[in-house]
Each structure stands twice: as C-alpha cells, then as structure tokens.
There are 2 protein chains.
Amino acid sequence: MARNKRHLEPKVKKEEIELVAMALLKEKGYDNTSMAEIARSAGVAANTIYWYFENKDHVLIAVLNRVVSHAMEEVITQREQPLRTRVLKLIAQVESSGSLMTDVHARVRHSPKVQAWHDQFHGMVEQLAVAELVNAGVGPDEAQLDAKLLIYVIEGLLAHPHKLQEREQIIDQALKRIFA
Amino acid sequence: MARNKRHLEPKVKKEEIELVAMALLKEKGYDNTSMAEIARSAGVAANTIYWYFENKDHVLIAVLNRVVSHAMEEVITQREQPLRTRVLKLIAQVESSGSLMTDVHARVRHSPKVQAWHDQFHGMVEQLAVAELVNAGVGPDEAQLDAKLLIYVIEGLLAHPHKLQEREQIIDQALKRIFA
DNA sequence: CTGTATCTTGAATGCCAATCAGCGACGAGA
DNA sequence: TCTCGTCGCTGATTGGCATTCAAGATACAG
C-alpha cells in the first residue's frame, strides 16, 4: 500500500513529523500523545518515526527547539516594549504551547537528553533575564539572583492556572519587589 | 499458596501498602514505580492493591497525605525559629521526599483527584505563608501576592537542583526583596 | 545489471495499569 | 450445626504503550 516515498519528499519527511508532533504535543501533552498517533497523523507507520528519532524524548526535544526558536523570534520583535509588557507577552506565548514546559520538567528525570536540553535552556533564559535586569538598573551582583527569582515566579505562573488579572498582579508585585 | 489473611491483619494491610508505596515513591518516583513492584514489596498480589485503592493516583494521594502530615508536624516543632531558618528546613524536608512534589504536578493533568489534592494543598500552604508574612510585618494586602512569590520561588528551588549555598542565597534574596 | 545504502513496514516483544471471574474464610441467622 | 452472603484476596487476562526486529522496497553507484 504505502510505498517508499523517498522520491517524493527527500528530507521533508522528518520536518513533517516534527510539525505534526508539535501540534499534537501542544494540544494534548506528552503522555496523552502516543507515537502511533503521531505516526498516523503524519501518514507513516508507527516505527518509521524511529528511523528519524532515537525515541519519543528526542521527538519532544525537536519540538521544543521549534517552539523555543519561534518564541525567540517573537521576543525580538518586542524589543521596544517595557519589561512588564514583554514578560506578560512571553508568558502568554509559552502558555499557548500548552503543557509542553511542564512536560519537560516531568521528562527531565527520565531522559538525560531532555535533562541536558532543559539545563541549557535554563542557562540561556537566565542570561537573558540577567541582561534585562542589569539593563533596567539592577546591580550586576544582585541581577543573577533576581533573575532566578523572576524565572521561578514565571515558572510558577505557567505551572498553575491563574486569571489574567491575577497573573498581572503577581508579575507587578515581583517587579515591584525587585525594583524596590 | 497465599491464603486469606484477614484473621492475621484486619485493617493493617492498607497501611502497610501505603508505607511500602511511600518508600518506593520517595525513592524512585511515580513513573518508575509499578503497581506490581509495590505489591511485591508489600507481599500481596498485584491486583490486591486495587481492592484498597481505586487506582495508582489514589495510592499517590494516600502517600502524599502521609508525607504532608509528617512535614506539618516537623514545621510545628520549628515554631520558634526565624522565618529564614524555617523556610530552609522546609525545603530540605520536602526534598527528602524525592521527586514526589514534581510527580504531583505531572499527575495533575491526568487525574482530577490529584488535581483536587494539589489545589487544596496549595491553598493551605498559601494560607500559612500569608500568615507568616503578615506576622513578619508585610502589609495584609501585599501579603497575599508576596506569599505566591515566595511559594513559586520555593517550588523553583525544589524543581531544580542547587548547591546548598546557592539555595540559601536565593532564599535570602527573596526575603530581602519582600522585606525591602 | 548488481550490490549497497537509504527508507519503510508488519509483526513481534515486553512492560504496564487496570479488569474479570472466581476462591476461600468468616459471621449472622436458621 | 448448617449455609449463605460478604469480605479479602488471587491468577489469568486485557488493552495500550514505547520500542525492536527482520525483511521488503527504492534509489543510486559502479
């Protein structure tokens, strides 16, 4: 039935799997999305995915890279906005990727690769946050710690549902406390 | 082979399962502990657990209740200590239960019962934190928000590994920012 | 035309949570 | 003392899952 399609899509197949996986993982989360379902949506046999990806966690990582690089592009376009606005937009942005970030934390203990991705991602975010804070007037020695505080607060907001207004209040309070 | 043991242990069996499950879940986490393993350690057949608990998440909840009530007892004995000491002790305490708290966040999306447990737990912790902050001199209107900030920072510390010294620095910075 | 590397697949394998249909022990009532 | 229903427990099974295996199909090089 389904034949070899190499002549049709030479290197696009992997990309298509990633796109399909991204949609499904965003919508239903890691645990509720089976490899079989990803394969079905991509129009391939279940085990075909294993030719392109070592295992399910590697699919997750590929999806995460797409999501993050897209988010970074968005962030860049907001360069002119005040910090508060950018933080709120960032949270809304990440939230639109569903439970992906929570899934990462859950998979970190199972997969060293996801662990590594997470650590590197955290490092990058912290660097960005430190730069933002220094730029906004926080002392360089304190910026390192304040960056962690801010990131953990944002993670808390992402991990727990909040009404929009409450979320803004919390961010405002955090910024107020940092820029006392 | 294994016969009915009702005459031997009337209502202790459930407790034993909980104790065994607590040890295993603390040590290896939710996903890496199978029902079969819990059963084997408790000396019963795999499906016997389902006589006492609706499903695996209910076992988790029973274990969480034990862990939390034990932690609360510990907290009470620390009543005299300064806030900073108590927070650090609390973090160390929760950390000794392994990845249990992370597991809760991961299961929240799968099980409404775990969701409910989590929400109620968060409410309780927030109440305690607000009381602490008000008692330490934070304005009552701000205490609500600061409590959330502090809790999210603590959750961040629990979710990510830190050297002891770094953890203390972060807590100190958080308290410094709140009590500016 | 032939061999080799590249894709793709159907059919396993093995682990897991959860279910099913009973089996033996006890306790109440005859 | 009998018996019958409920309680505590069990072996066997089911269905879903990630992952592996052996082999088929395709393209390309020589």
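In the text below, chain A, chain B and the rest are named by the order of the sequence lines, each starting its count at 1.
- Atom pair A:Ile17:CD1 and C:dC7:C1' shows a separation of 11 Å (rounding to whole Å applied).
- Relative to the side chain of A:Ser34, the nucleotides D:dT10, D:dC17, C:dA17 differ in distance, and D:dC17 lies closest.
- Across residues 53-62 of chain B, B:Asn55, B:Lys56 each have a non-hydrogen atom less than 4.0 Å from an atom of DNA chain C (numbered order).
- Rounding to whole angstrom units, CD of residue A:Glu16 and P of C:dC7 are separated by 15 Å.
- Every pair passing ring pair (Phe, Tyr, Trp, His ring centres under 6.0 Å) that includes a residue from residues 60-108 of chain B is listed here, sequence neighbours excluded: A:His160-B:His105, B:His105-B:His118.
- Under a 3.5 Å cut-off, the side chain of B:Thr48 and the backbone N or O of B:Val44 do not form any donor-acceptor pair.
- When the P atom of C:dC15 is taken as reference, atom NE2 of A:His110 falls 17 Å away, rounded to whole Å.
- Listed pair A:Tyr50 / C:dT9 fails the phosphate criterion, with no side-chain N or O lying under 4.0 Å from OP1 or OP2.
- Exactly one residue among A:Val63, A:Thr33, A:Val67 makes a side chain to side chain contact (heavy atoms under 4.5 Å, CB included) with A:Lys26. That residue is A:Val67.
- Between A:Ile49 atom CD1 and C:dC7 atom P there is a gap of 16 Å when expressed in whole angstrom units.
- Among the nucleotides C:dT19, D:dT19, D:dT10, the one closest to the side chain of A:Met35 is D:dT19.
- Cation-pi geometry between A:Lys13 and A:Tyr52 is not met: the NZ or CZ atom fails to fall both under 6.0 Å from the ring centre and inside 45° of the normal.
- In this structure, A:Lys113 atom NZ and D:dA18 atom P are separated by 19 Å, rounded to whole Å.
- The separation between A:Tyr52 atom OH and D:dT19 atom C1' is 18 Å, rounded to whole Å.
- When distances are taken from the side chain of A:Thr48 to each of D:dT10, C:dT8, D:dC17, the shortest belongs to C:dT8.
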Donor-acceptor pairs are to be reported for all side-chain atoms of residues 134-145 of chain A against protein atoms at under 3.5 Å, with residues two or more places apart or in another chain.
from: A:Glu142; atom 1: OE1; to: B:Arg177; atom 2: NH2; distance (Å): 3.4
from: A:Glu142; atom 1: OE2; to: B:Lys176; atom 2: NZ; distance (Å): 2.1

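- Of the possible polar contacts, none joining the A:Ser97 side chain to the A:Leu100 backbone as a donor-acceptor pair under 3.5 Å is found.
- Closest to the B:Trp51 side chain, of the nucleotides D:dC7, D:dT20, D:dT10, is D:dC7.
- D:dT10 atom C1' lies 16 Å from atom CZ of B:Arg40, rounded to whole Å.
- Under the 4.5 Å side-chain heavy-atom criterion for Ile, Leu, Val, Met, Phe, Trp and Tyr, A:Ile171 and B:Ile151 are members of the same hydrophobic cluster.
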